[in-house]
Amino acid sequence: MNDSQGAGQPQDDVILDATGLTKVFGSGAGAVRAVNGVDLAVRRGEIVLIMGPSGSGKTTLLTMIGGLLKPTSGSVHINGLDITAMKESALPQVRRHYVGFIFQSFNMLEPLSAVENVEVALNLAGRGGREARAKAERLLEDLGMGHRLRFKPNDLSGGEKQRVSIARALANDPKLILADEPTANLDSKHGYEVVLLLRDIAKKQGRTVVIVSHDHRIREVADRVLWLEDGRFKEIGRLERDPNCGMAIEGERGHALTHEGQTYYFCSAGCRREFEETLSSKQADGESTSR
Amino acid sequence: MVPLARRYLFSDRIRLAIAAGGVTIAVLLIVLVQALYQGLIDQVGELAEAAPSDLWVMQAGTPDPGHGASILPNSVLSDLQEVPGVAAAQPLIGRAVQVGSARFGFVMAVPEGPFQEETIQAFGARSSPGRGQVILSDVLAKDIGAGRGEAVLIGATSFEVVEVSSALVGSFGGNAFVNAQDAEQLFGEPEAFSFALVAVSPEADPEEVAAAIEAQIPGTNALTPERFAEVLRQELEEGFLPIIAVLIGLSFVVGLAVIALTIYTSTVERTRDYGVLKAVGASQGQLFAVVVRQSMVVALVGYALGSGVGLVVGKLLQDAVPQFTLLFRWEDFAFVLAAALVMSAVAAIVPIRRVARIDPAVVFRA
């Protein structure tokens with residue numbers, strides 16, 4: 001694992017190149033600098049995991065990289081295309097052909113079946129008829145969803161929905177996959193399956209994958225882990241897992257609690273308090289049982 | 001292609017039913033009002049056009065036989081013979097009179113003349129009734145509740161109904177045919193008639209003959225059957241058209257509001273979906289097409305139902321209320337279709353503006 005931000009990578013292999021990316025919301029005294037001069041270069045087939053506390057600017061960064069949000073300053077190049085210099089009307093074309101999104105809450109279109117959710121992405125790119133249907137089916141079959149093609153989202157489990165979402169992201173063969181908390185709404189088994197799928201997408205299919213997540217398991221497959229805090233990439237410290245909410249946090253910056261000789265780290269005072277309450281109730285239960 | 005618009009619409013069938021129902025009612029109203037109006041327009045000129053003559057001659061200033069009585073002295077008939085181009089003049093008696101207890105009907109009689117039988121038949125009667133007899137149009141008979149063999153009061157005189165005919169031609173369908181002598185007595189003008197039906201010589205131009213009649217016989221108007229029908233229709237149009245326009249306009253607004261509200265609420269509910277579509281590469285044009293298609297489907301379903309129900313309701317209405325003569329014309333259905341499509345296009349504007357403003361970043365919110 002490499003914690004650098006990609007400086008010095010061979011440029012011809014760089015799929016995503018963001019430079020001085022800044023986003024300021026509001027103006028004057030109330031202005032919030034959500035992302036502050038971020039540089040990020042990611043190569044073909046690379047998996048980059050961006051972690052950081054809530055409100056650190058991770059999602060804002062992802063939406064700018066994906067051409068969904070115009071940065072206040074800085075530039076984003078995808079496969080050599082400067083998408084920040086493009087007109088708003090040209091961006092859908094970029095999103096159709098160069099970027100695939102995977103969302104935390106799956107974002108499936110409820111009235112459509114699994115296969116139609118994938119097919120619609122192909123339709124938007126101008127591919128229709130049997131060709132689009134066949135490709136959508138093949139993508140879902142490759143992700144182990146062949147037996148659920150005609151199922152509506154309501155009849156699918158969270159893991160299945162995320163597979164459909166991944167198939168949709170891959171529909172138009174994008175070079176760049178952007179995933180926002182892809183495992184957050186999944187149980188550990190399905191979450192891990194998604195982690196492995198993301199690894200395959202990068203390593204077997206040669207796509208570039210940028211993931212924003214708190215999920216520790218993704219570190220196992222990531223080529224680089226970046227820590228975003230207050231809108232900037234910072235030197236990553238020792239990462240700990242909040243035992244209350246599962247969020248990855250830097251040990252030194254977390255809210256610490258030592259219990260029976262073991263030190264726990266929490267993302268917030270609230271999580272620490274909840275954990276303390278859980279410990280207290282367990283202790284009380286233990287005492288009443290021993291009596 | 002995935003029929004996204006249709007799926008969105010049909011995923012909430014209650015909403016679709018309400019929307020299509022609203023448009024159906026709007027279309028139904030437009031179709032019926034149009035048909036009623038066209039029925040009136042058609043019928044009001046029917047009598048004028050049915051005359052087996054080249055010209056109608058009437059008392060000046062009484063172009064509408066339903067509202068003004070034309071009275072011409074018999075001397076006009078001989079005066080007409082003096083006008084160059086006039087080949088023959090057939091007198092006609094006709095006036096709006098109370099028939100039965102509470103209904104005005106146009107009571108006609110064809111006195112002896114050069115083409116009496118032809119005139120009687122042209123107006124839908126087989127032959128002139130005898131003294132004390134009346135032929136009623138089916139509409140008038142149904143309206144006053146009179147049947148064959150029964151007595152009916154016309155003005156203050158009792159007549160026996162000898163025939164109820166669906167073939168009688170006349171204004172608003174409420175016609176009665178009586179004997180010429182009875183008509184003279186009924187109207188109290190034995191030396192007068194109402195209209196002269198003039199046949200012009202083969203080589204003469206009816207328009208020129210009409211001008212000559214008006215010039216030579218003061219106090220008369222002479223009109224071709226087409227012009228007479230036009231005058232009658234024009235008068236009706238002037239009276240009814242503003243009301244019709246208001247009714248059609250209101251129906252249009254109702255339909256428009258129903259579609260707009262339905263598509264707008266659906267769009268608001270599906271904000272996230274539109275955000276997802278934007279994120280996966282849908283252009284504004286593609287998203288607008290999804291909205292417009294939904295709007296058009298609602299309008300077309302409403303149009304189809306409204307037109308179908310309109311035809312059925314029209315038939316029932318005509319049976320129940322005989323005075324309602326409805327005329328369904330394909331051009332009116334085409335107009336309603338165009339109105340429905342305009343409705344759908346206008347109704348889509350507000351939802352489209354909403355879709356245009358959707359921030360695709362909404363899809364990242366958990």
Side-chain angles (χ1 to χ4, degrees), chain A residues 23 58-64 66-70 88-113 115-129 132-133 136 152 165 168-169 171-172 174 178 180-181 184-185 212, chain B residues 1-17 19 262-263 265-295 297-298 301 351-366:
Chain A
K23 183 66 190 179
K58 301 186 297 294
T59 301
T60 304
L61 176 63
L62 208 64
T63 52
M64 285 193 288
L68 291 172
L69 184 67
K70 278 269 178 198
E88 197 71 44
S89 58
L91 290 175
Q93 182 82 355
V94 172
R95 294 198 289 266
R96 277 199 289 268
H97 296 288
Y98 292 98
V99 187
F101 288 100
I102 299 168
F103 308 102
Q104 175 181 350
S105 47
F106 323 124
N107 284 328
M108 288 187 69
L109 306 176
E110 294 295 328
L112 306 187
S113 65
V115 72
E116 285 172 335
N117 262 278
V118 181
E119 194 180 344
V120 80
L122 290 155
N123 293 161
L124 292 172
R127 297 166 75 179
R133 176 54 62 102
K152 289 281 175 65
S165 174
R168 184 175 62 192
N172 291 310
L178 301 176
D180 182 45
E181 300 282 5
N185 285 354
V212 161
Chain B
M1 300 286 262
V2 177
L4 198 54
R6 209 172 65 214
R7 289 294 164 78
Y8 277 155
L9 266 181
F10 286 85
S11 67
D12 190 340
R13 286 170 198 274
I14 291 174
R15 194 208 310 266
L16 175 64
T262 306
I263 305 300
T265 52
S266 162
T267 307
V268 169
E269 276 178 24
R270 300 205 179 276
T271 296
R272 195 179 185 90
D273 281 11
Y274 285 106
V276 172
L277 289 168
K278 277 190 179 183
V280 298
S283 64
Q284 295 283 43
Q286 286 171 319
L287 293 177
F288 295 169
V290 173
V291 175
V292 170
R293 277 192 203 119
Q294 289 179 67
S295 185
V297 169
V298 172
V301 169
I352 277 176
R353 285 167 62 90
R354 165 91 191 181
V355 166
R357 286 201 310 270
I358 291 172
D359 176 7
V362 70
V363 296
F364 288 102
R365 287 166 207 148

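The chains referred to below are lettered A, B, ... by the order of the sequence lines, with proteins before strands, and numbering in each begins at 1. Side chains included, hydrogens not; waters and symmetry mates left out as well; all remaining heavy atoms used. Note that the structure is predicted; figures quoted are calculated from it, not measured.
Highest contact tally toward chain B, considering only A:Val99, A:Val115, A:Leu112, is held by A:Leu112 [criterion: heavy-atom pairs under 4.5 Å]. Note: A:Thr63 leads A:Thr63, A:Thr60, A:Val94 in heavy-atom pairs under 4.5 Å with chain B.
In this structure, B:Arg293 places its CZ atom where only 12 or fewer heavy-atom neighbours from other residues, nucleotides or ligands lie under 6.0 Å away.
Of the atoms belonging to A:Leu91, not a single heavy atom falls under 4.5 Å from chain B. Interface remark: B:Gln286 contributes side-chain atoms only to the contact with chain A (heavy atom separation under 4.5 Å). Residue contact with chain B, scored on non-hydrogen atoms closer than 4.5 Å, is absent for A:Leu69. Heavy atoms of A:Arg168 lying under 4.5 Å from chain B belong exclusively to its side chain.
Atom CG of residue B:Leu277 and atom CZ of residue A:Arg95 lie 11.0 Å apart, to the nearest 0.5 angstrom.
The shortest non-hydrogen separation linking B:Arg272 to A:Ser105 is NH2-OG, 2.8 Å. When all heavy atoms of A:Pro111 and B:Arg7 are compared, the closest pair comes out as CB-O, 3.8 Å.
Between the side chain of A:Asn123 and the main chain of B:Val2, a donor-acceptor pair closer than 3.5 Å is present.
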Verdict with reasoning, A:Leu109 to B:Leu4, per side chain to side chain contact (heavy atoms under 4.5 Å, CB included): CA-CA 9 Å; A:Leu109 306 176; B:Leu4 198 54; 4.3 Å; yes
From CA spacing to verdict: side chain to side chain contact (heavy atoms under 4.5 Å, CB included), B:Val276, A:Phe101: CA-CA 9 Å; B:Val276 172; A:Phe101 288 100; over 6 Å; no
